[in-house]
Structures are given as structure tokens and as C-alpha cells.
Participant: 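Okay, handing you the structure first.
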Amino acid sequence: MSAADYRDAGLVFPPEFIFGSATAAYQIEGAAAQGGRGPSIWDTFSHTPGKTWNGDTGDVAADHYHRLEGDLDLMAALGLEAYRFSISWSRIQPTGRGPANEDGLDFYERLVDGLLARGIRPIATLYHWDLPQALEDEGGWTSRATALAFAEYARIVGERLGDRVHTWTTLNEPWCSAYLGYGSGAHAPGRTDGAAALAAVHHLNLAHGLAVSALRDVVTDDPQFSVTLNLHVFRGEAEAVRRLDALANRAFLGPILEGAYPADLFVDTSGVTDWSFVLPGDLALIHQPLDVLGVNYYSTNLVREWDGVSEKQMADGHKAASGSAWPGSENVEFLPQPGPYTAMGWNIDPSGLEDLLMGLHASYPQLPLMITENGAAFDDRVVDGAVHDVERIDYLRRHITAVHRALERGVDLRGYQVWSLLDNFEWGYGYAKRFGIVRVDYATLERLPKDSAHWYARLAREHVLPE
């Protein structure tokens, strides 16, 4: 019997379904100025006063760079079947261009080889928001040149690791890179220009297509090619939902999967930009065949058109910033939703994940999907040497139930990667929010698996949803 609240148990997942975990380079690696790594936009942003909670930076983070072997052993002890990590572009090319930094390539080679030696599938993400600062100085993602440089970076990494990586993901959440980085200013590089944000959307899409082509030229095994999108689940008034769906979802799904931008997106944003940065042939370059689409999901949004008179509500789940993450749709407001909430203030709604998966399956029935991020931050406490994070276990249980329901309804869903393996640098929130199933003591950098880690290890081992 399926529970209305998604608190099922005993659900059996097929043996080929992959349970793993995910991280991002800047959030965990540390060693920011070691091993030949150059500065990224997140180094610059986090060192700028007032940009992150408590002035926190990723200089040390979880020190994964120096604790690689121990972290690999930890993954093996938890029975992870896959590990989704990101590669720091500025660790490979310190300025985003030029010859490869061998120390950087060696680090990721040791990571991939260590995963394979432990029977864990490597899922490599080429870009998780940490653009080399030198490229930002030349225009960043507003510049076509950055997309071309990204393709060369992809080629370098593919030549070194292209015989061992199970899945290549080009970009993680380009929505955040474009709209939070160049529109609202809440993320690095902190720019607040709607036209720049939309130019960044296109050049990120172009970078994806060019990178897939570059990788296909050099890999020697038979990997899967992917991109990861944080597709928004909007509920509320129809016109507000349509506008935001075009801006947040179809701006990426359209060119990547269909070879065209949605016409209504151009109309909605005509007062912001003329889209002249889209050149002839670009859409064919972007529209590359994919083997799997990565899906990140955390919460839903409730929206309506703003009346222009009452105080505008902006409960969109992101930090308040001076710019707008919704260029051309500033007349839409985001309404608070009923709880419960995570420590991020995000509503907990597993039905949104099921709805999202079913909607994608209806639109793209032949495209396999993978949950590449899902998880929650809570105010964890260490009690008698343990972290009894019952709220996180409940969150995971309910969302993995939603995943199973989508499977039962015919969605070709290949796996689930919990966010995150480790507590880490949570971008603008610094170290104030803990998403990990493994606690990191930031004073000692010691790792402590939380109760959720043991629960998830049992799920990965047995492929049966525990109580």
C-alpha cells in the first residue's frame, strides 16, 4: 500500500539501479592555492566582504584534496555504487586556457582510479560553478569565447580520463550559473544584469554542446554523456507558471534536447535582450544526443502574477540579492508554502519530485533520467559521539519513495545520488548549512557518518527501502 505522505518502506529497486552520492570541487576540496590551481570566481567572491556567511571561503573546505584516500575508503564502507564529483577547471588550467596542469590531472586520475579500485562508478562533472577568474575577467559566461575555452578544457580532461569515467556530465545547474551569477548577484561572479544572465544562458548551452562533441572525439571507452539541470517545479497561476517555466526550464531543455529555444521565452524577455548572441549554427552545436539527463530536485515554488501594489513576496528559496534571478519576469511573485521546511527554508514536498519525473517522461519518453542531487540541510547535533538526523532520514525516505513511484509508472530512471556525501562549503551560506550524510568537524576535519549515512548504506547494499 502506498502511503499518501510518501513514507513507504520495503520498496525494492532493480539491481541495475545505482545508489551513490555527490559533491562539488569547490565545496569540499580545499587546497585552493596548492597543486598549481589558479583562482576561480568563487575564490574571488568568497573573499569579498559581505558575500558569504561569516566571511567563509572554500580555502580549506572539507580538505578532500589532502584526505582523498580516507574519503574513498569512507565511500566504500558506505557501499556507494557511484560517486558524482566535479572537476575544478582552474585546477586543470589555472587561467582557463593553455596547457594542462599535470598536478591537477594527477589528482583526478588518482580519484578515478581509487573509485574503480573500490568498485565505485565515477560520474564526472566538468563544471560546478567555479569558472577560472581569468576567464571572468574577459567577460565570463557572457562571452562566446568562454564556451570555446570550455570545449578545449573538456578535451584535455577527456584525453586523460576518457578510458575510465562511467558518465560525463558537462554542466551542473546552468540555471544557477547564469541567473544567480549574472542576474541576481547572489552567486559568483556577483553581477546584476538581466541581459548578461540571458547571454550566459546561451553560452552555457553552447559550452555543453561543444564539450560533448569534444569528449566524443577523444574518449576511448563507451561512457554516457549527460548534463544536470535543476528543473523547477512551479505551481500556482497558469500565466506565472508559463513564464517561469520558459525562463528556468525550457531555456535549457529546448536547445539541448530539441534544438530550439521556446518562442515565448524570446517574447517574454524582448525588453531585456534581443538574443543577438545566438548565431547561425549554434543550436545544431548545442543539440547533441544525450544518454541520460541529470535531474536535481529539492523543493517546489508557488507563484502568481504580482499586482504591483502590495508588497512583493519573493520566497523563491534563494538568498536576497540586489538583482533579479528572473529577467523579464519581475512581475511574478513567489509565495511562501506550508511546511515542514529544511534548514534552508525550503519546503519538503516529495510529490514535486514525482511530478517532475513524470512530466519529463511525458515530454521525452526515450531519454533515461538520473537523480543527480537530492538531499536536505538540517541543524545537526552531535550527541554522545553520534548524529541522530532523523529529519534527514525521513526526507530521504520520502523522496526515494517518490523515485520508486516514478519507476513503477514507467520512467526510465537509472539511479539516485544523494546530496551530499560530506558537510561542505554551502556557497553563499558558508559553513552554516550542513547537507552531508557524513558530518565534517571543521575544527579537526574529522569525518563522522550520521545515522542517515548508515541508513543509506543499507539501502545501497540491499536495494530495499529501509524503515
Participant: Are Trp175 and His318 close enough, and set up right, to give a ring pair (Phe, Tyr, Trp, His ring centres under 6.0 Å), and what steps lead you there?
Facilitator: CA-CA 12 Å; Trp175 182 91; His318 301 290; 5.0 Å; yes

Participant: Thinking salt bridges, do Arg405 and Asp8 make one under a 4.0 Å N-O criterion?
Facilitator: yes

Participant: Which of these, Asn172, Thr167, Thr228, sits in a side chain to side chain donor-acceptor pair (under 3.5 Å) with Thr372?
Facilitator: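 Answer to the side chain to side chain donor-acceptor pair (under 3.5 Å) test with Thr372 among Asn172, Thr167, Thr228: Thr228.
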
Participant: Between Arg160 and Asp106, is there a salt bridge with N-O shorter than 4.0 Å?
Facilitator: yes

Participant: Is it true that Glu69 and Arg118 make a salt bridge, defined as a side-chain N closer than 4.0 Å to a carboxylate O?
Facilitator: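 So Glu69 pairs with Arg118 through a salt bridge.
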
Participant: Hey, does the side chain of Asn249 reach the backbone of His232 with a donor-acceptor pair shorter than 3.5 angstrom?
Facilitator: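 Looks like yes, one N/O pair under 3.5 Å.
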
Participant: Find out whether Glu138 and Ser143 are in side-chain contact, i.e. whether some heavy atom of one side chain is under 4.5 Å from a heavy atom of the other.
Facilitator: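 No - every pair of side-chain heavy atoms lies 4.5 Å or more apart.
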
Participant: Can you find a pair of side-chain heavy atoms, one from Phe107 and one from Leu68, that are under 4.5 Å apart?
Facilitator: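 Phe107 vs Leu68: side chains touch.
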
Participant: Would you please test Glu81 and His463 for side-chain contact (heavy atoms from CB on, under 4.5 Å) and show each step?
Facilitator: CA-CA 11 Å; Glu81 298 173 302; His463 276 223; 3.0 Å; yes

Participant: Please tell me whether His404 and Phe13 form a close aromatic pair, meaning their ring centres lie under 6.0 Å apart.
Facilitator: yes

Participant: Do NZ/NE/NH1/NH2 and the carboxylate oxygens of Arg439 and Asp380 come within less than 4.0 Å?
Facilitator: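 Result for this pair is no, no salt bridge flagged.
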
Participant: Determine whether Val212 and His208 make a side-chain contact, defined as any pair of heavy atoms from C-beta on separated by less than 4.5 Å.
Facilitator: yes

Participant: Applying side-chain contact (heavy atoms from CB on, under 4.5 Å) to His399 and Val403, what does each step give before you reach the verdict?
Facilitator: CA-CA 6 Å; His399 285 78; Val403 167; 5.9 Å; no

Participant: Whether Arg216 engages the ring of Phe225 as a cation-pi pair (distance to the six-membered ring centre under 6.0 angstrom, angle to the ring normal within 45°) should be assessed.
Facilitator: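 Verdict for Phe225: a cation-pi partner in Arg216.
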
Participant: Salt bridge check: are Asp379 and Arg381 linked by an N-O gap of less than 4.0 Å?
Facilitator: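 No, Asp379 and Arg381 are not salt-bridged.
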
Participant: So, the side chain of Thr401 versus the backbone of Arg7: is there a donor-acceptor pair under 3.5 Å, distance only?
Facilitator: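 Not confirmed, Thr401 side chain does not pair with Arg7 backbone.
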
Participant: Answer yes if the side chains of Thr23 and Tyr83 hold a donor-acceptor pair under 3.5 Å, and no otherwise.
Facilitator: yes

Participant: Answer whether the closest heavy-atom distance between the side chains of Leu244 and Phe334 falls below 4.5 Å.
Facilitator: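 SC-SC contact between Leu244 and Phe334 confirmed.
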
Participant: Taking side chain as C-beta onward, heavy atoms only, is Pro223 less than 4.5 Å from Val165?
Facilitator: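 Result no, sub-4.5 Å side-chain heavy-atom pair not found.
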
Participant: Give every residue pair that meets the salt bridge (charged side-chain N to carboxylate O under 4.0 Å, His left out) criterion with at least one member in residues 17-30, sequence neighbours excluded.
Facilitator: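 Listed by first then second residue: Glu29-Arg91.
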
Participant: With a 4.0 Å cut-off, would you call Glu354 and Arg398 a salt bridge?
Facilitator: no

